[in-house]
Amino acid sequence: NTGLLPSSPKRWVMEAVDSYDLEPGDIVYIDTGHYYFETATVVGDLDAGEASQDGSVQVTFQGSTNVAYGGSLFVASDPELTPFVISNTYGVRLRNLDISGAANGVKVQGSVFIAGDWLSARGGSNGVLATASSNIVVQHSAFVGNYEAGVRFSHAGTLSIGSCVLWSNKYGLRLDQGRASVQNSI
């Protein structure tokens, strides 16, 4: 399958990342369904958007908005796995993704201008773990029932959290180093 049409989908998100050179403005659509992953989808410097928080020039991974049928749910086959790793890149946006039982819902390392909209991560260690990164924006998301933090920010620059639910985690936000702004969140 080419992954270019709904009638010819890739089986895994990582297959789309491996098959194509993603560029600013590209959108990888993730269909409604439950995805039991065994390896991470790693987005690196070859699949970068622009150094901006403008979604039209970022590389976007767009999950299903069909919540009546479960949306795009990623379930860890091993609690040590992380489904999305954003590593040493910039200009990447994750949108409408639901993650359950993973070590970290999303891991961001050495990256800038990364965004997450309408994410949900529960039952893992951290909803989002960001290290050595800056200009991270997370909004309209829910991180619930994680063993450590809803969002953990370590050895990093700036983080902005807006309109999020950080509930029933050991820490809502764990800020080891860096600056964080939290607005309209509980």
What distance do [X] atom [atom1] and [Y] atom [atom2] have between them, rounded to the nearest 0.5 Å?
{"X": "Q62", "Y": "S72", "atom1": "CD", "atom2": "OG", "result": "8.0 Å"}
{"X": "E38", "Y": "D78", "atom1": "CD", "atom2": "CG", "result": "9.5 Å"}
{"X": "N66", "Y": "T32", "atom1": "CG", "atom2": "OG1", "result": "4.5 Å"}
{"X": "F153", "Y": "T158", "atom1": "CZ", "atom2": "OG1", "result": "6.0 Å"}
{"X": "L159", "Y": "S154", "atom1": "CG", "atom2": "OG", "result": "12.0 Å"}

Minimal non-hydrogen separation, [X] against [Y], with atom names:
{"X": "G162", "Y": "S185", "result": "C-OG, 3.8 Å"}
{"X": "G116", "Y": "S141", "result": "O-OG, 4.0 Å"}
{"X": "T89", "Y": "G44", "result": "OG1-O, 3.1 Å"}
{"X": "G105", "Y": "A121", "result": "CA-CB, 4.2 Å"}
{"X": "V108", "Y": "S133", "result": "CG1-OG, 3.5 Å"}

Notebook entry, point to check: Does the side-chain hydrogen bond (donor to acceptor under 3.5 Å, both in side chains) test come out yes or no for D45 and N88, once each step is laid out?
Noted result: CA-CA 6 Å; D45 64 337; N88 300 309; over 6 Å; no
Flag side-chain contact, heavy atom, 4.5 Å: [X] against [Y]:
{"X": "V13", "Y": "F74", "answer": "yes"}
{"X": "F61", "Y": "V17", "answer": "yes"}
{"X": "Y20", "Y": "D26", "answer": "no"}
{"X": "Y35", "Y": "I30", "answer": "yes"}

Next item on the list: Please determine, by modelled atom types, if Q109 and S87 share a side-chain donor-acceptor pair under 3.5 angstrom.
Entry: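 Yes.
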Check: Which residue, I27, L119, T60, forms the side-chain contact (heavy atoms from CB on, under 4.5 Å) with R95?
Finding: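 Running side-chain contact (heavy atoms from CB on, under 4.5 Å) over I27, L119, T60 with R95 returns exactly one hit, T60.
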